[in-house]
Trainee: 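Sharing a structure below in structure tokens format, with a few things to ask.
Both ligands and their constituent atoms are indexed starting at 1 by order of listing.
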Amino acid sequence: MKNDHLISDDLIKKTEEFVLKSFEKDASGHDFFHIQRVVLNARKICRTEQANERLVILSAWLHDVGDYKLHDGIDRSEELITAFLQKENTDNSIIEKVIKIVSEVSFSKGNIPGSIEAKIVQDADRLDAIGAIGIARCFAYGGSSGNLIYNPYNQSKNSSSIQHFYDKLLILKDLMHTETARSIAEKRHNFMELYLKEFYTEVN
Ligand code: NI
């Protein structure tokens, strides 16, 4: 694909190292291994889609850099991603594309991805928010933000980690863009339903 040669193996390797350094100590569910899983998901989805795979992989590595959740509510993604890619002498056309993809991935910003590359990264990120791993991340994020596990008296938005299933996690399967992500999401969704059923059996 056009401009593919502008994203070298070396740049992807350097990006992985940069992300490892930046996210090593995260305890909010956005650690290095979350990002690594998103890259693996994205690679899997790419097998059945016509997309610029190198652009997808580079954007997947960078998708949580500068995220507002990790920077006291301030979105620094454009600034930090641009600084890193410029340091690595990346072509401006690639930097612009990565910034656009990353800005379209976030659930809370409510953006709808315009390109297949952004759709794949968004699907890959959302897959890591559901199923067994999604459950683990939900409670890790809740704990790191000081939220309750469950509050039977309050079922308003953001009231607990269990409530987050209804606010977001159970909705994600219907928001997938690609066929591959949809079929993986189906299985993970069913597991969350089963988990919640058991959870309520134990707390009631
Ligand atoms: Ni993410």
Trainee: For a distance under 2.8 Å, tell me if Asp125 has an N/O/S atom near the Ni ion (ligand 1).
Mentor: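 Of the N, O and S atoms in Asp125, at least one lies under 2.8 Å from the Ni ion (ligand 1), which means yes.
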
Trainee: What do you get for the angle at the Ni ion (ligand 1) between OD2 on Asp64 and NE2 on His34, to the nearest 10 degrees?
Mentor: 80°

Trainee: Could you tell me whether a side-chain N or O of Ser145 sits under 3.5 Å from a main-chain N or O of Tyr141, the two making a donor and an acceptor?
Mentor: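 Side chain of Ser145 to backbone of Tyr141: a pair is present.
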
Trainee: With the side chain counted from C-beta on, respond yes when Arg47 and Thr180 share a heavy-atom pair under 4.5 Å apart, and no when they do not.
Mentor: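 They are not in contact (no side-chain heavy atoms under 4.5 Å apart), so the answer is no.
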
Trainee: Does a side-chain heavy-atom distance below 4.5 Å link Ile101 with Gln122?
Mentor: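 A side-chain contact is absent here, since even the closest heavy-atom pair is not under 4.5 Å.
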
Trainee: Is His63 close enough to the Ni ion (ligand 1) that one of its N, O or S atoms comes in under 2.8 Å?
Mentor: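 For His63, the answer is yes, given that an N, O or S atom comes within less than 2.8 Å of the Ni ion (ligand 1).
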
Trainee: Do Asp67 and Arg76 meet the salt-bridge criterion of a basic N to acidic O distance under 4.0 Å?
Mentor: no

